[in-house]
Amino acid sequence: MRGTILTDSKKILLYGYGNTTRQDDRLGIEFIHRMQEWLFRRHHDAVDCKTSAQLNLEDAEEVAAYDIVILVDASVDHVTDYSFSKIETEATPAFTTHTVSPSNLLKLSRELYQGNPEIYLLQIQGYEWDFSEQLTIGATANLEKAVTFAQKKISELQSHP
């Protein structure tokens, strides 16, 4: 699922991922849906949005084309509502052909495609991971807080390139 949004000088990608059939694991995907609506209503046409079940090796090339990438995922760790942190590369990449960590995505983007994006991880606290397409009440509340945070962050980035 794609939409476009760019700032005056920064090219931004919002990338949500997760399993849409595993209850709160769908938080990254739901985040992107909400942000796309907000971006469309405000005629933001300089930020790209993407969803996937997981990060993949192929994403390194796409990520290299951006100045800022915000990865969005459900958290099984105990974060308070949501957390936002900058990703640094790991010394030794560790990945499989099926999934890539955020730090390895950054490393691959730099080494293979000469990209130099700032990558951030927005983790939204989830609670249940059963087979269901419904978010829990707590996860929905955390999603709303994360969306509000991201809307302010995007507005800041666009007004202060």
Side-chain angles (χ1 to χ4, degrees), residues 1-56 59-60 62-63 65-90 99-106 109 117-161:
M1 185 166 296
R2 300 199 51 117
T4 302
I5 296 183
L6 297 174
T7 64
D8 290 335
S9 63
K10 301 274 185 185
K11 190 171 178 187
I12 301 172
L13 174 65
L14 300 177
Y15 185 166
Y17 54 98
N19 185 334
T20 59
T21 63
R22 295 299 300 266
Q23 225 163 348
D24 293 348
D25 197 31
R26 71 182 302 117
L27 279 163
I29 308 294
E30 290 297 326
F31 173 89
I32 295 300
H33 293 169
R34 306 247 173 117
M35 288 300 292
Q36 284 177 316
E37 292 172 16
W38 178 78
L39 294 166
F40 179 76
R41 285 193 313 269
R42 282 159 181 75
H43 304 288
H44 290 290
D45 55 355
V47 176
D48 289 338
C49 293
K50 177 179 179 169
T51 61
S52 181
Q54 63 192 15
L55 297 177
N56 297 291
D59 294 326
E62 184 173 13
V63 164
Y66 290 89
D67 298 304
I68 297 171
V69 177
I70 300 174
L71 304 173
V72 186
D73 192 17
S75 177
V76 297
D77 298 326
H78 297 286
V79 300
T80 303
D81 304 333
Y82 66 89
S83 68
F84 186 75
S85 57
K86 187 171 183 177
I87 299 299
E88 302 296 336
T89 60
E90 292 177 358
T99 187
V100 178
S101 74
S103 61
N104 288 328
L105 182 65
L106 176 58
S109 173
E118 289 179 32
I119 297 184
Y120 297 89
L121 178 61
L122 175 59
Q123 292 182 293
I124 306 170
Q125 181 64 51
Y127 304 98
E128 298 292 333
W129 315 99
D130 293 327
F131 287 103
S132 173
E133 294 185 13
Q134 297 296 314
L135 290 172
T136 61
I137 293 169
T140 301
N142 295 341
L143 173 63
E144 295 306 325
K145 292 174 188 174
V147 166
T148 299
F149 167 81
Q151 290 169 344
K152 289 177 186 174
K153 193 63 143 170
I154 296 292
S155 294
E156 288 172 16
L157 290 169
Q158 290 184 323
S159 62
H160 304 291

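Only heavy atoms go into these numbers, but all of them, side chains included; no hydrogens, no water, no symmetry mates.
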K.L.:
Can you find a pair of side-chain heavy atoms, one from Tyr120 and one from Val69, that are under 4.5 Å apart?
P.N.:
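When only atoms from C-beta onward are counted, Val69 and Tyr120 do not touch, as no gap falls below 4.5 Å.
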
K.L.:
Taking the side chain as every heavy atom from C-beta outward, state whether Lys10 and Tyr66 have any pair of such atoms under 4.5 Å apart.
P.N.:
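A side-chain contact under 4.5 Å is absent here.
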
K.L.:
Please walk me through it: do Ile12 and Ile154 pass side-chain contact (heavy atoms from CB on, under 4.5 Å)?
P.N.:
CA-CA 9 Å; Ile12 301 172; Ile154 296 292; 4.2 Å; yes

K.L.:
Could Glu62 and Lys50 be called an ion pair, given the rule that one side-chain N must be under 4.0 Å from one carboxylate O?
P.N.:
yes

K.L.:
Would you say that Gln23 contacts Leu135 through its side chain, given a criterion of any heavy-atom pair below 4.5 Å between the two side chains?
P.N.:
no

K.L.:
If you look at every heavy atom in Leu39 and Cys49, which pair is closest and at what distance?
P.N.:
CD1-SG, 3.7 Å

K.L.:
Any side-chain donor paired with an acceptor under 3.5 Å for Asn142 and Tyr127?
P.N.:
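Indeed, the side chains of Asn142 and Tyr127 share at least one donor-acceptor pair under 3.5 Å.
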
K.L.:
Tell me if the CD atom of Glu118 is crowded by more than 12 foreign heavy atoms within 6.0 Å.
P.N.:
yes

K.L.:
side-chain contact (heavy atoms from CB on, under 4.5 Å), that's the test. Do Asp73 and Asp25 meet it? Break it down for me.
P.N.:
CA-CA 8 Å; Asp73 192 17; Asp25 197 31; 4.2 Å; yes

K.L.:
With rounding to the nearest 0.5 Å, note down the distance linking OG in Ser101 to CG in Leu55.
P.N.:
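Answer rounded to 0.5 Å: 8.0 Å.
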
K.L.:
Write down the atom of Ala60, the atom of Leu105, and the distance for their closest heavy-atom approach.
P.N.:
N-CD1, 3.4 Å

K.L.:
Going by heavy atoms in the side chains, are Asp48 and Leu14 under 4.5 Å from each other?
P.N.:
no

K.L.:
Compare every heavy atom of Ser103 with every heavy atom of Glu88, then report the nearest pair and how far apart it is.
P.N.:
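Looks like O-CB, 3.0 Å.
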
K.L.:
Taking NZ, NE, NH1 and NH2 as the nitrogens, is one of them in Asp67 or Lys11 under 4.0 Å from a carboxylate oxygen of the other?
P.N.:
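Answer for the salt bridge query: no.
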
K.L.:
Go through the steps for Val100 and Asp59 under the test side-chain contact (heavy atoms from CB on, under 4.5 Å), then give the verdict.
P.N.:
CA-CA 9 Å; Val100 178; Asp59 294 326; over 6 Å; no

K.L.:
Side chains of Gln36 and Trp38, heavy atoms from C-beta outward: is any pair under 4.5 Å?
P.N.:
no

K.L.:
Once you round to the nearest 0.5 Å, how far does OG1 of Thr148 lie from NZ of Lys153?
P.N.:
14.5 Å

K.L.:
Quick check for you: to the nearest 0.5 Å, what is the distance between Ile87 atom CD1 and Asn104 atom CG?
P.N.:
10.5 Å

K.L.:
Indicate whether the side chain of Asn19 and that of Thr21 have a donor and an acceptor atom separated by less than 3.5 Å.
P.N.:
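The answer is yes; a qualifying pair exists.
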
K.L.:
Dump the intermediate steps for side-chain contact (heavy atoms from CB on, under 4.5 Å) on Glu128 and Arg22, then the final yes or no.
P.N.:
CA-CA 8 Å; Glu128 298 292 333; Arg22 295 299 300 266; over 6 Å; no

K.L.:
Please round to the nearest 0.5 Å and tell me the distance separating atom CZ of Phe31 and atom OH of Tyr15.
P.N.:
14.5 Å

K.L.:
Report yes if the side chains of Gln125 and Tyr82 come closer than 4.5 Å at any heavy-atom pair, otherwise no.
P.N.:
no

K.L.:
From Ile32 CD1 over to Glu37 CD, what is the distance, rounded to the nearest 0.5 angstrom?
P.N.:
12.0 Å

K.L.:
Restricting to non-hydrogen atoms, name the atom on Pro102 and the atom on Tyr17 that form the minimum distance, rounded to 0.1 Å.
P.N.:
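Smallest heavy-atom distance, with atoms named: CG-OH, 3.9 Å.
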
K.L.:
Keeping the roles fixed (side chain from Asp24, backbone from Thr136), state whether a donor-acceptor pair exists under 3.5 Å.
P.N.:
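The answer is yes, because a donor-acceptor pair under 3.5 Å joins these two groups.
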
K.L.:
State, to 0.1 Å, how close Arg26 and Glu133 come at their nearest heavy-atom pair, and which atoms those are.
P.N.:
NH1-O, 3.4 Å

K.L.:
For a 4.5 angstrom cut-off between non-hydrogen side-chain atoms, does Leu122 reach Ser83?
P.N.:
no

K.L.:
For a quick test of reading the model, state the closest non-hydrogen atom pair linking Ile124 to Leu143 and the distance between them.
P.N.:
CG2-N, 3.9 Å

